[in-house]
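Since this is a predicted model, take the numbers as computed values, not measurements. Within every chain, numbering begins at 1; the chains are lettered A, B, ... in the order of the sequence lines, protein sequences first and strands thereafter.
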Amino acid sequence: MSAGGEGVRLGAGSPFWRAVLYAVLLVFAVYYLLPLVIMLLNSVKPLSEIRGGNLLALPKVWTFEPWHSAWSTAQVGVQATGLKPYFINSFLMVFPAVAISAALGAINGYILTKWRFKGDSIVFGMMLFSCFIPFQIVLIPMAKVLGTIGLAGTVSGLVMVHVVYGIGFTTLFFRNYYAAFPTELIRSAQVDGAGFFRIFWRILLPSSGPIIVVSIIWQFTNIWNDFLFGASFADFDSQPMTVALNNLVQSSTGVKEYNVHFAGAVLAALPTLVVYIVSGRYFVRGLMAGAVKG
Amino acid sequence: MGFLEISGLTKSFGQTEVLKGIDLDVEEGDFLVLVGPSGCGKSTLLNVIAGLENPTAGEIRIAGERVNELRPSERDIAMVFQSYALYPSMSVAQNLGFGLEMRGVPKAERETAIQEVAEMLQISQLLKRRPGQLSGGQRQRVAMGRALVRKPQVFLFDEPLSNLDAKLRVDMRMEIKRLHASLGTTIVYVTHDQIEAMTLASRIALLKDGILQQFGSPEDIYDNPANLFVADFMGSPAMNLVPAEVVEKEGEIGVALKQRANGALFLPAETRAAGPLKDWLGRTVTFGIRPEAVTDPDAADHKAGRLVEAECRADLVEPTGADTYIVTHLGGKEFTARLRANSRVKEDGAVTLAFNMGRSVFFDPKEGTRIA
């Protein structure tokens with residue numbers, strides 16, 4: 001026991017191995033950060049410096065003009081509006097879509113664990129299955145549905161599509177989280193006289209912080225980054241950020257303004273980054289919660 | 001007609017029948033303990049009374065009113081759960097007040113009720129804490145307080161002491177008994193612990209495999225077990241239950257217990273038992289007698305109807321401080337007797353035991369039914 005323990009401590013604790021460990025970690029950190037650094041560096045360079053051919057060099061002249069351009073004046077598709085209106089579109093889409101899908105997922109998880117009914121596992125199995133349906137398969141039927149209910153080419157239509165697609169995941173999250181939630185609490189609340197929604201609101205939701213954060217991060221990232229649904233179901237005036245970014249980069253008129261493209265790409269990634277930084281620690285905690293309590 | 005009436009109650013989960021026709025009738029102010037081994041259906045029965053499960057058939061009446069169709073909250077009951085089921089996100093005060101709040105009791109009234117109950121249970125200093133910050137015993141008190149604060153017609157307890165350590169369990173047991181004495185509210189209490197059942201109950205219902213084995217006062221269940229299962233389940237150390245042949249000796253009906261040496265020990269039955277035993281002459285019955293009814297001659301109850309002394313060999317001597325138990329060999333099995341603490345018995349030595357035949361019982365060894 002003592003020999004083994006000391007051996008391990010000497011091995012991992014010695015300065016040499018510690019240095020190796022940090023070196024490896026550093027290499028990986030640089031490897032992951034490099035693309036972001038290059039994007040940031042080139043987004044603050046004048047175009048001439050990039051076209052000079054030195055992508056990795058520090059800017060000689062610092063300029064925020066590319067950011068300004070990407071935000072409000074760049075040519076996106078046929079109009080010179082910048083990414084701003086599409087950024088707003090994305091927010092108009094992502095907030096309701098995340099809120100509605102998370103709320104429905106929570107209610108579903110609550111019902112599937114605490115108000116079991118005949119065939120509930122089949123219902124859950126089918127919802128789970130929806131997580132595995134490739135996006136492409138539903139494009140045409142979804143377009144048909146959107147057309148029929150008059151939501152084609154609108155932000156509301158995109159919200160609906162993302163809610164439908166997100167329910168499977170959020171239901172899975174909340175169901176597994178609530179499965180570990182003691183049923184005696186529900187029974188106790190029933191004896192105390194609380195009804196279906198009051199039990200949910202007063203007993204379950206206050207204890208659901210971690211899983212709500214997980215759902216929000218997951219849904220926010222997926223919906224914000226979605227390109228396919230945005231490209232398929234949106235009109236010019238309802239396009240989300242991702243589609244606009246593509247249009248910005250693909251604009252065929254004039255020279256390719258790489259610095260503006262880089263700035264636009266960073267802008268597009270910014271909200272998901274913020275969400276991760278603000279709530280990342282809850283994310284890990286939430287993913288662990290079910291595993292430990294189970 | 002009783003205060004809590006349960007008639008013809010059955011409950012099935014799919015194909016499995018968990019309760020098979022339960023009939024119980026409890027007076028107002030009774031302390032009913034549902035006891036039995038795990039899986040006997042006692043918790044299911046409690047949940048059905050609470051309204052958390054629907055019965056498959058049968059009727060439940062509280063204070064004369066049929067409650068089958070009523071929701072748990074409409075039955076005027078309060079329940080203490082095994083896990084205490086305290087709401088984790090609420091303070092102790094909020095936990096206590098939740099039931100009242102759900103019933104629309106005004107805030108001021110709620111506060112008074114919470115204070116009152118908190119004082120009664122000595123948890124006033126805990127009101128602002130969360131359940132996570134409480135010890136097991138404190139949680140237990142809060143769980144009871146949550147039931148008390150509502151002043152219901154019936155309290156339901158689902159193994160409330162099973163998560164406490166031994167010392168705390170005994171303390172809380174006494175406290176529950178005291179509470180019942182001062183409040184006088186009807187209680188239905190589930191436990192698998194026969195000592196809890198004996199100490200708390202005014203009525204005991206013993207269940208096994210969803211069938212009510214016996215329903216009666218603790219004394220009744222202890223002294224007059226209806227069948228072999230009840231006799232074996234109640235009491236610690238357990239009742240001596242050994243095979244014995246029914247014989248007639250010098251005009252007296254009795255049982256002969258095999259001894260290791262010098263033949264069989266004849267124990268004449270009491271007059272009460274002699275009649276029914278006559279039909280079993282020459283056959284084997286299961287003879288039952290509690291350890292405390294087999295003792296040293298000086299300590300024996302001399303008012304007992306029939307006291308028989310016999311010489312036995314002490315295979316094992318177990319002094320517990322309060323008593324000395326000796327284990328001997330009778331009827332081919334181990335046989336425990338309870339002697340006074342100061343009785344000087346040596347292991348492997350001879351000991352004279354007095355059998356109080358007035359407290360003996362006889363069972364059909366195959367069916368387990370009581371003969372006498």
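With a 4.5 angstrom heavy-atom cutoff, B:Glu74 does not touch chain A via any of its atoms. Looking at A:Arg202, both its backbone and its side chain come within 4.5 Å of chain B, counting heavy atoms on both sides.
For A:Tyr165 and A:Phe135, the ring centers sit closer than 6.0 Å to each other. For A:Tyr110 and A:Trp201, the ring centers sit 6.0 Å or farther from each other. Residues A:Phe200 and A:Phe196 keep their aromatic ring centres 6.0 Å or farther apart.
Seen from the ring of B:Phe13, B:Lys11 counts as a face-on cation partner, given the 6.0 Å and 45° thresholds.
Contact count against chain A (heavy-atom pairs under 4.5 Å) is highest for B:Glu53 among B:Arg71, B:Arg75, B:Glu53. Between chain A and the residues B:Leu52, B:Ile77, B:Val80, B:Leu86, the most heavy-atom pairs under 4.5 angstrom are made by B:Leu52. Of the listed residues A:Ser188, A:Ala189, A:Ala194, A:Gly195, the one with more heavy-atom pairs under 4.5 angstrom with chain B than any other is A:Ser188.
Under 4.0 Å is where a charged nitrogen must lie from a carboxylate oxygen, and between B:Arg173 and B:Glu196 no such pair does. In summary, B:Arg66 and B:Glu5 do not engage in a salt bridge, as defined by a charged side-chain N under 4.0 Å from a carboxylate O.
Side chain of B:Asn163 to backbone of B:Gln82: a donor-acceptor contact under 3.5 angstrom is found.
Looking only at atom types and distance, the side chain of B:Tyr87 has no donor-acceptor partner in the side chain of A:Ser207 under 3.5 Å away. A donor-acceptor pair shorter than 3.5 Å cannot be found between the side chains of B:Ser12 and B:Glu17.
Atom CD1 of A:Ile122 is surrounded by 12 or fewer heavy atoms from other residues, nucleotides or ligands within 6.0 Å.
Among residues 132-153 of chain B, the residues having any heavy atom closer than 4.5 Å to a heavy atom of chain A are, in sequence order, B:Arg146, B:Arg150. Within residues 94-108 of chain B, the residues having any heavy atom under 4.5 Å from a heavy atom of chain A are, by residue number, B:Phe98, B:Gly99, B:Glu101, B:Met102, B:Arg103.
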